[in-house]
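A short write-up of the structure that comes next.
Residue numbers count from 1 along this sequence.
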Amino acid sequence: TFISAMMEDISSLGKEGESIILGNFVPLSQVNVYTPAGLLKEKYTINNDGNLTIHTQGWAKGLYIIKTEKITYKILIK
């Protein structure tokens, strides 16, 4: 149906332990993580299944910006 087809296009971001999970993104697209000052911290590529796990263990506490091709997220590491 139309609604289920639309639901398949919804990207998601979640947290699991000390990792950030991105799901249902465009395969092989770029994901960049920035500090609030605009400095590039990490650069990633979404896998062939449209997913990515970002391990945040060892990151300093604070705000980070995750920028995908279409969506920008702000996350807080406590």
Side-chain angles (χ1 to χ4, degrees):
T1 66
F2 176 71
I3 292 175
S4 63
M6 283 180 51
M7 293 301 288
E8 291 174 6
D9 291 335
I10 296 176
S11 300
S12 65
L13 179 137
K15 183 178 181 300
E16 187 174 299
E18 291 191 40
S19 297
I20 298 167
I21 312 297
L22 287 86
N24 206 27
F25 283 83
V26 176
L28 305 178
S29 59
Q30 285 293 133
V31 175
N32 294 324
V33 179
Y34 297 92
T35 66
L39 300 174
L40 180 65
K41 176 173 179 48
E42 303 283 343
K43 198 176 208 177
Y44 300 95
T45 302
I46 299 289
N47 69 17
N48 289 325
D49 295 327
N51 303 311
L52 172 66
T53 300
I54 299 174
H55 301 286
T56 60
Q57 184 176 4
W59 286 17
K61 294 178 182 179
L63 181 72
Y64 294 91
I65 299 160
I66 298 176
K67 187 167 178 61
T68 69
E69 287 184 356
K70 297 181 180 181
I71 303 171
T72 300
Y73 299 96
K74 293 180 182 176
I75 61 161
L76 181 63
I77 304 293
K78 296 181 178 182

**OP:** State yes or no: do Val33 and Leu13 share one hydrophobic cluster built from I, L, V, M, F, W and Y residues joined by side-chain heavy-atom distances below 4.5 Å, directly or via other members?
**Re:** yes
Subject >> Closest non-hydrogen atom pair, Asp49 against Asn47 >> reply: N-OD1, 2.9 Å
Subject >> Glu18 side, atom CD; Thr56 side, atom OG1 - distance, nearest 0.5 Å >> reply: 5.5 Å
Original post:
To the nearest 0.5 Å, how far apart are OH in Tyr73 and CD1 in Ile20?
Top reply: 11.0 Å
Original post:
Atom CG of Leu28 and atom CG of Asn48: how far apart are they, to the nearest 0.5 Å?
Top reply: 5.0 Å
Subject >> Non-neighbouring partners of Asn51 that pass side chain to side chain donor-acceptor pair (under 3.5 Å), sequence neighbours left out >> reply: none
**OP:** Could you list the residues that satisfy side chain to side chain contact (heavy atoms under 4.5 Å, CB included) with Lys43, not counting sequence neighbours?
**Re:** Gln30, Asn32
Original post:
With sequence neighbours left out, which residue pairs that include part of residues 10-60 fulfil the ring pair (Phe, Tyr, Trp, His ring centres under 6.0 Å) condition?
Top reply: Trp59-Tyr64
**OP:** Any chance you could lay out the side-chain contact (heavy atoms from CB on, under 4.5 Å) test for Ile71 and Ser11, step after step, and finish with the verdict?
**Re:** CA-CA 9 Å; Ile71 303 171; Ser11 300; 4.2 Å; yes
Original post:
Once you round to the nearest 0.5 Å, how far does CD1 of Ile65 lie from OG1 of Thr35?
Top reply: 7.0 Å
Subject >> Other ILVMFWY residues reachable from Val26 by side-chain steps of under 4.5 Å >> reply: none
Subject >> Donor-acceptor under 3.5 Å (Lys67 side chain, Glu69 main chain) >> reply: no
**OP:** For Ser12, enumerate each residue passing the side chain to side chain donor-acceptor pair (under 3.5 Å) test, keeping only those at least two apart in sequence or located in another chain.
**Re:** none
Original post:
So which heavy atom on Pro27 is nearest to which on Gly50, and how close?
Top reply: CG-N, 4.2 Å
Original post:
In the hydrophobic cluster built from side-chain contacts under 4.5 Å, what are the other members alongside Ile21?
Top reply: none
**OP:** Mind checking the CD-CD1 spacing from Glu42 to Ile66? Nearest 0.5 Å is all I need.
**Re:** 10.5 Å
Original post:
Which atom names give the shortest non-hydrogen contact between Thr53 and Ser19, and what distance separates them?
Top reply: CG2-CB, 3.8 Å
